[in-house]
Undergrad: 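Handing you a structure now.
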Number of protein chains: 2
Amino acid sequence: MLHVAEAARVSVATVSALINGTATVSPELSARIEQAIRDIGYKRNAIARSLKMGTTRTIGLTVPHITNPFFTDVVSVIQQAFDRAGYAVMLCCTDEDLNTQDDQIRLLLDRMVDGLIVARVGDGAILKRIVADANVPVVLMDRLCEGVDTDAVVLDNQRAVFDAMSYLINLGHRRIGYITGTSDISPMHDRMTGYREALQAAGLPVAEELVRSGNFHEIDGYNATMQLLSLHDRPSAIFSANNPMVIGTMKAIRDIGLSCPEDISVACFDDFPWSDVFQPQLTTVAQPVQAIGEQAANLLLDRLAGNRDAPPRKLVLKGRLMIRNSCRPLGAAVHSVSA
Amino acid sequence: MLHVAEAARVSVATVSALINGTATVSPELSARIEQAIRDIGYKRNAIARSLKMGTTRTIGLTVPHITNPFFTDVVSVIQQAFDRAGYAVMLCCTDEDLNTQDDQIRLLLDRMVDGLIVARVGDGAILKRIVADANVPVVLMDRLCEGVDTDAVVLDNQRAVFDAMSYLINLGHRRIGYITGTSDISPMHDRMTGYREALQAAGLPVAEELVRSGNFHEIDGYNATMQLLSLHDRPSAIFSANNPMVIGTMKAIRDIGLSCPEDISVACFDDFPWSDVFQPQLTTVAQPVQAIGEQAANLLLDRLAGNRDAPPRKLVLKGRLMIRNSCRPLGAAVHSVSA
DNA sequence: AACGCTAATCTAAACGTTTCGATCATGTCA
DNA sequence: TGACATGATCGAAACGTTTAGATTAGCGTT
């Protein structure tokens, strides 16, 4: 900018005024300055501007896994929304690791991001402190955090799983395996509650042997399913509480020589774009990814626009049960195939 | 830092020296400063540091679509690699739009990213100029760019498609539909060349009616497939040159009342994590996503480490044909089903 | 002619670091 | 004892912006 000012024989203040339109500058000087900008190929340095202004027009976004199609879709929507608003997005994947998340959020705050969207991981204590210290707006997404009282957009997970389980129960299933992620995050907790409540509402026992837990990865779903299928009294259906794990479930079913839905019914949380096309067409609980992403972005953009003092807003969206053909009705002959 | 200095009754220079280890500071002062840092909860401001140092420890990454599993996987690997190296990643999705890409790259450069990894979109002219102007290292990924002579990691697309086509031809297919993305980017061009060469090598004609082009989205694959399937002399196999489009292909096949592989064989570029499990199990060309991401990251990290003057390095990786069950051998009764 | 008002422009400080060179005490050596 | 190297610390400039406040010129009023 100094070079531009010299070339145009004006002060840097005038150049700044012209660029930002913060003051009127005469036509002559405007012309000289614009010419100089073109000649020199000047681009304003956003870092210097950020330092002075205290704002970076950049937000931080952390998710557990970007390869999980649910997060991929949401990230994509958020990215678009902030792109439109002229913000850049710094993306971090925490890989479901607490320390990683911790480090990454600090990294983002050090870089003076203007706001944060967090699909958190693990215990909320540290996150709580970080959020309290940093005075940037934070939006929680997908996962709430006890003690962190801030904007959030989540699903009614309990209801969604309740509905899915009720569907299975209505089909005649009585022993339904349930594969959950680590239960220290709110959706896993709520989904599990939905599972239990649906069973109880139908007067069915909650057999602990039917509940298995894993760490969100395909391999965890595989192992959990293997355990479920080797039970003496095998479940007739399996519900997987997240979508990477259901791939593992399907692989285990295949490897053990069974097939879905003939031998075992499968449903899961989170939809896939290809669910309609490949066999078995999985019955899933679809989250409104577009809405989740947009709402999270809107909540944060609203804060960034200056609405700092409004009380925390918590949006709860509804899931939708996509009934396809991976669950079969159980007739008189209950899970007839012998292992 | 000023506050820390005052609290510890030292100068800011000493605080800086201690934090960065750039000079020895006495045990007494060290203790005082460290205490002050803890008391105040001081965090170094990375923006101010960037301004002074001329480096942000942030890189920019632009991809056409993050929802495409291929890019998702690669982004994930790159993200992890830079995370380990202490860099932040600014992610941009260009949505296959030239202007968007242009804007985003400028945005990234304004923010003084230390380097750029680009899976480019469209014509290379503007990218070429931007890359020339910006004196940050750039690594091209997945897609080369004519006239941009920089580090790159790409696939041997031509060979990969040649192999896939040869496989189909060996199965007895003679009329093979081909669905490509817009051909102004190198992989699409190279893949098409592989298609033509395989046909020619087998002494088969290249029927232009069998080649359809779309814009990388599922709907484009759907439309292209609809056109192919309504041809008088329908192809017995379809190869889709990218993976979102193959979902559209499968939907079109379903909607038209045919089935794969009985009525029509399908193969495509890019693997899916679930390809092994759902029916039909798609035969695909798998890209070494892990290697692509790691190599791209390594190339850039090497430049960032100071190796600026080495001549541009171009890495060409090999694809792998994953033969599953979505393509059937053509016996005596050639594509028998009548439309 | 003196005055005040407005519009245009400029000067200089500030944002929070890093770093060069200066300062100063201390100990060593001739 | 004086010269000098050494090590620790500091002062101040610089990075490239923004912006408050000062300055100047032009013009209309009285």
Side-chain angles (χ1 to χ4, degrees), chain A residues 1-37 40-58 86 106-114 133-136, chain B residues 1-37 40-58 86 106-114 133-136:
Chain A
M1 182 178 272
L2 181 61
H3 298 105
V4 171
E6 282 169 355
R9 304 187 307 283
V10 298
S11 75
V12 288
T14 310
V15 178
S16 179
L18 176 65
I19 290 177
N20 299 305
T22 49
T24 53
V25 358
S26 69
E28 305 98 297
L29 290 206
S30 295
R32 287 222 305 270
I33 293 171
E34 276 159 4
Q35 185 61 47
I37 287 178
I40 296 183
Y42 167 78
K43 296 291 295 175
R44 177 167 66 188
N45 182 316
I47 295 292
R49 175 166 226 258
S50 293
L51 177 60
K52 180 66 192 172
M53 305 275 280
T55 169
T56 52
R57 288 197 83 78
T58 301
R106 280 193 229 278
L107 186 92
L108 291 169
L109 292 175
D110 287 353
R111 282 180 165 77
M112 283 179 50
V113 290
D114 292 343
D133 287 357
N135 54 356
V136 301
Chain B
M1 183 177 269
L2 181 60
H3 298 105
V4 171
E6 283 169 355
R9 304 186 309 280
V10 298
S11 76
V12 289
T14 310
V15 178
S16 178
L18 177 65
I19 290 178
N20 299 307
T22 49
T24 53
V25 359
S26 68
E28 305 98 298
L29 290 205
S30 295
R32 288 222 304 268
I33 294 171
E34 276 159 4
Q35 185 61 47
I37 287 178
I40 296 182
Y42 167 77
K43 296 292 295 175
R44 179 168 64 190
N45 181 316
I47 294 293
R49 178 165 223 259
S50 293
L51 177 60
K52 181 65 193 176
M53 305 276 279
T55 168
T56 52
R57 289 196 82 79
T58 300
R106 278 194 230 278
L107 186 90
L108 291 169
L109 292 175
D110 287 352
R111 284 184 165 78
M112 285 179 49
V113 290
D114 292 343
D133 287 356
N135 53 355
V136 301

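Each chain gets a letter, A, B and so on, in the order the sequences are listed, and its residues count up from 1. Here the structure is a predicted model, which means the values were calculated and not measured.
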Undergrad: Under 4.0 Å from OP1 or OP2 of D:dC15: is there any side-chain N or O of B:Arg49 that close?
TA: no
Undergrad: Just to confirm, is there a sub-4.0 Å distance from OP1 or OP2 of C:dC10 to any side-chain nitrogen or oxygen of A:Thr14?
TA: yes
Undergrad: Which residue lies toward the 5' end of DNA chain D, B:Val25 or B:Ala48, if each is placed at its nearest nucleotide?
TA: B:Val25
Undergrad: Rounded to the Å, how far apart are B:Met112 CE and D:dT17 P?
TA: 10 Å
Undergrad: Could you give the NE2-to-P distance, from B:His3 to C:dT17, as a whole number of Å?
TA: 10 Å
Undergrad: For B:Glu6 and D:dG11, what is the distance between atoms CD and P respectively, to the nearest whole Å?
TA: 12 Å
Undergrad: Measure the shortest side-chain to side-chain distance between A:Ile37 and A:Ile19 over non-hydrogen atoms and say whether it is less than 4.5 angstrom.
TA: yes
Undergrad: Please lay out, stage by stage, how A:Ile47 and B:Ile47 fare under the test side chain to side chain contact (heavy atoms under 4.5 Å, CB included).
TA: CA-CA 6 Å; A:Ile47 295 292; B:Ile47 294 293; 4.0 Å; yes
Undergrad: Counting only side-chain heavy atoms from C-beta out, which of C:dT17, C:dC10, D:dA8 sits nearest to A:Val10?
TA: C:dC10
Undergrad: Students often get this wrong, so: under 4.0 angstrom with heavy atoms, is B:Ile47 touching a base, only sugar-phosphate, or nothing?
TA: nothing
Undergrad: Between atom CG in B:Leu2 and atom P in D:dC10, what is the gap in whole Å?
TA: 13 Å
Undergrad: Side-chain contact, heavy-atom cut-off 4.5 Å: A:Arg111 with A:Thr58?
TA: no
Undergrad: More 5' along DNA chain D: A:Ala13 or B:Ser26, using each one's nearest nucleotide?
TA: B:Ser26
Undergrad: Using a 4.0 Å heavy-atom cut-off, does A:Ser16 contact any base of the nucleic acid, only the sugar-phosphate backbone, or nothing at all?
TA: base
Undergrad: Could you please name the option among C:dG16, C:dT9, D:dG16 that lies closest to any side-chain atom of A:Lys52?
TA: D:dG16
Undergrad: Return no unless some side-chain N or O of B:Asn20 is found under 4.0 Å from OP1 or OP2 of C:dT18.
TA: yes
Undergrad: Name the closest nucleotide to the A:Ser11 side chain, picking from D:dT18, C:dC10, C:dT19.
TA: C:dC10
Undergrad: Rounded to whole Å, please give me the gap between CE in B:Met1 and P in D:dT9.
TA: 15 Å
Undergrad: Let me know the distance between CE of B:Met53 and C1' of C:dG16, rounded to the nearest Å.
TA: 13 Å
Undergrad: Which whole-number value in Å describes the distance from A:Leu51 CG to C:dA14 P?
TA: 14 Å
Undergrad: Closest to the B:Asn45 side chain: D:dG16, C:dA12, C:dT17?
TA: C:dT17
Undergrad: Could you tell me whether a side-chain N or O of A:Ser30 sits under 3.5 Å from a main-chain N or O of A:Val25, the two making a donor and an acceptor?
TA: yes
Undergrad: Which listed nucleotide (C:dT9, C:dG16, D:dA12) is nearest to the side chain of B:Val12?
TA: D:dA12
Undergrad: With the side chain counted from C-beta on, respond yes when A:Asp110 and B:Arg44 share a heavy-atom pair under 4.5 Å apart, and no when they do not.
TA: no
Undergrad: Between C1' on C:dT11 and CZ on A:Arg9, what's the gap in Å once rounded to a whole number?
TA: 20 Å
